[in-house]
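Have a look at the structure below before the remarks.
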Number of protein chains: 2
Amino acid sequence: MQAKRNFSAKREAIYETLASTKSHPTAEWVYDQLKPSIPDLSLGTVYRNLTVFKELGLTKCVGVVNGKERFDADMSQHPHFVCTRCLSVIDVPIKRNFVDCNIYDYVAKECGVTVEDHNIVFYGFCNGCREKQDF
Amino acid sequence: MQAKRNFSAKREAIYETLASTKSHPTAEWVYDQLKPSIPDLSLGTVYRNLTVFKELGLTKCVGVVNGKERFDADMSQHPHFVCTRCLSVIDVPIKRNFVDCNIYDYVAKECGVTVEDHNIVFYGFCNGCREKQDF
DNA sequence: AATATTTTGATAACAATTACTGATATGTTA
DNA sequence: TAACATATCAGTAATTGTTATCAAAATATT
């Protein structure tokens with residue numbers, strides 16, 4: 001369990017909303033979730049705090065889907081699947097990492113760079129979308 | 001060698017610009033490259049044709065870096081490295097694919113989806129950026 | 001040549017995100 | 001407690017990458 005942070009009520013609410021979903025939401029989705037219970041919440045505040053969380057290493061961006069940044073509070077290294085039909089983003093559960101330090105070293109050597117992180121995204125369509133449509 | 005396509009002069013020029021660079025440029029970079037030799041080129045035309053190429057399967061988007069879409073005419077499956085300092089995008093050369101059909105099957109089964117494509121991106125800093133700055 | 005189709009430049013529209021500003025809340029110090 | 005400094009915020013304006021519109025120009029077709 002993480003030590004209590006002295007976040008403002010709104011910052012805490014934004015973080016909790018992000019931490020309690022696996023939907024990898026957009027900033028606007030977080031805003032829409034909280035607006036009913038926090039009527040004076042501003043969309044700018046959501047954006048501002050998502051940036052704060054990124055700086056604090058509490059969240060990361062899992063990519064830009066259809067022009068919208070998608071956020072994740074699950075900082076464990078795991079790939080994602082993006083349904084190119086409904087644009088949902090799904091965690092790919094892994095037993096152990098697809099990508100290990102050897103690959104970082106390989107990329108470092110091949111490209112003449114220092115590797116700090118990586119991101120794996122699969123694309124396709126989810127079963128919900130297959131049922132709805134014929135391909 | 002690819003058969004001659006009956007592309008318009010501008011479409012051809014845009015494609016050639018993209019095909020002859022490994023910089024994974026933005027739409028605007030392509031525009032800036034061509035503007036001197038094609039003074040009446042419009043930025044909209046570049047965007048329009050980049051979309052056409054995507055539909056024709058001639059190019060793909062390698063991701064969105066700092067809010068800008070980065071394009072690649074190299075359709076072979078290969079990972080990319082993004083320097084988070086200078087935002088350059090570098091091809092990672094591979095002998096054989098990191099990700100094979102077995103992994104597609106694995107993701108399909110674990111997530112209940114159909115996998116059509118994937119994208120691997122490494123992040124870090126390139127040697128140029130290391131030399132310029134102390135970290 | 002007459003007509004249809006494609007492509008284009010210029011511009012406006014759009015949408016996601018960021019910047020700004022003054023107000024409010026919170027923390028600190030004495 | 002009061003006085004001050006700092007952090008956070010709402011509301012709005014500005015910015016920016018991208019897309020849509022539309023009439024003109026180029027090209028293809030008959």
Side-chain angles (χ1 to χ4, degrees), chain A residues 3-18 23-56 58-72 82 84 87-89, chain B residues 3-18 23-56 58-72 82 84 87-89:
Chain A
K4 180 87 187 86
R5 299 164 302 250
N6 49 345
F7 280 180
S8 74
K10 283 171 185 173
R11 182 165 296 172
E12 185 68 33
I14 292 165
Y15 180 77
E16 280 309 314
T17 300
L18 207 57
S23 71
H24 312 86
T26 63
E28 203 175 18
W29 185 91
V30 173
Y31 173 76
D32 289 340
Q33 288 292 113
L34 289 172
K35 189 69 176 171
S37 54
I38 312 177
D40 69 336
L41 181 68
S42 168
L43 182 56
T45 297
V46 174
Y47 275 108
R48 206 181 312 117
N49 282 299
L50 290 174
T51 304
V52 169
F53 298 150
K54 237 188 282 182
E55 287 163 359
L56 292 174
L58 290 174
T59 65
K60 58 162 63 179
C61 170
V62 300
V64 177
V65 179
N66 245 37
K68 295 173 199 168
E69 218 173 340
R70 304 289 289 258
F71 297 92
D72 194 353
V82 174
T84 53
L87 308 180
S88 62
V89 178
Chain B
K4 180 89 185 83
R5 298 164 302 251
N6 50 346
F7 280 180
S8 73
K10 283 171 186 173
R11 182 166 296 174
E12 186 67 33
I14 292 165
Y15 180 77
E16 280 309 315
T17 301
L18 206 56
S23 71
H24 312 86
T26 63
E28 202 174 19
W29 186 91
V30 173
Y31 173 76
D32 290 340
Q33 287 293 114
L34 290 172
K35 189 69 178 172
S37 55
I38 312 176
D40 70 337
L41 181 67
S42 167
L43 182 56
T45 297
V46 175
Y47 275 107
R48 208 180 308 119
N49 282 299
L50 290 174
T51 304
V52 169
F53 299 149
K54 237 188 283 182
E55 286 162 0
L56 293 174
L58 290 175
T59 64
K60 58 162 63 179
C61 170
V62 300
V64 176
V65 179
N66 245 37
K68 294 173 197 167
E69 219 174 339
R70 304 290 288 259
F71 297 91
D72 194 353
V82 174
T84 53
L87 308 181
S88 63
V89 178

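In what follows, chains carry the letters A, B, and so on, assigned in the order in which the sequence lines appear, proteins first and then strands, with residues in each chain numbered from 1.
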Point to revise | Check: A:V46 and A:L34 side chains under 4.5 Å, non-hydrogen atoms | key: no

Exercise for review: Please determine if a side-chain N or O atom of B:T26 lies less than 4.0 Å away from the OP1 or OP2 oxygen of D:dG17.
Suggested key: no

Revision key, fill the gap. Note: contacts of residues 34-44 of chain B with DNA chain C (heavy atom, under 4.0 Å) are B:D40, B:L41, B:S42

Point to revise | B:I14 vs B:T45 side-chain heavy atoms within contact, under 4.5 Å | key: yes

**Study point:** Separation of atom CG in B:N66 from atom P in D:dG17, rounded to whole Å
**Key:** 9 Å

Study note, to complete from the structure: So OG of A:S23 and CH2 of A:W29: to nearest 0.5 Å the spacing works out to 4.0 Å

Study note, to complete from the structure: Nt span of DNA chain C in reach of chain B heavy atoms at under 4.0 Å, 5' end first, is C:dT7 to C:dA10

Check your understanding: Is the shortest side-chain N/O distance from B:Y47 to OP1 or OP2 of D:dT18 below 4.0 Å?
Key -> yes

Point to revise | Residues in side-chain hydrogen bond (donor to acceptor under 3.5 Å, both in side chains) contact with A:K54, at least two apart in sequence or another chain | key: A:E69

Exercise for review: Determine: side-chain N/O of A:N49 to OP1/OP2 of D:dC9, distance under 4.0 Å, yes or no.
Suggested key: yes

Check your understanding: What distance do A:N6 atom CG and A:E12 atom CD have between them, rounded to the nearest 0.5 Å?
Key -> 10.0 Å

Exercise for review: Kindly compute the distance separating OG1 (B:T26) from OH (B:Y31), expressed to the nearest 0.5 Å.
Suggested key: 12.5 Å

Review point. For A:K10 and A:L41, what are the C-alpha separation, side-chain angles and deciding distance, and is it a side chain to side chain contact (heavy atoms under 4.5 Å, CB included)?
Key: CA-CA 8 Å; A:K10 283 171 185 173; A:L41 181 68; 4.2 Å; yes

Review point. Between B:Y31 (OH) and D:dT16 (P), how many Å, whole number?
Key: 17 Å

Review point. Is a side-chain donor or acceptor of A:R70 paired with a backbone partner of A:H24 at a separation under 3.5 angstrom?
Key: yes

**Study point:** Candidate nucleotides D:dT21, D:dC9, D:dT19, ranked by approach to the side chain of B:R48 - the nearest
**Key:** D:dT21

Practice item. Have a look at B:E69 and say if it touches a base, only the backbone sugar-phosphate, or nothing, with a 4.0 Å heavy-atom cut-off. Key: sugar-phosphate

**Study point:** Interatomic distance where CD belongs to B:E28 and P belongs to D:dT18 [whole Å]
**Key:** 9 Å

Practice item. Return yes when atom NZ of B:K68 has more than 12 non-hydrogen atoms of other residues, nucleotides or ligands closer than 6.0 Å, and no otherwise. Key: no

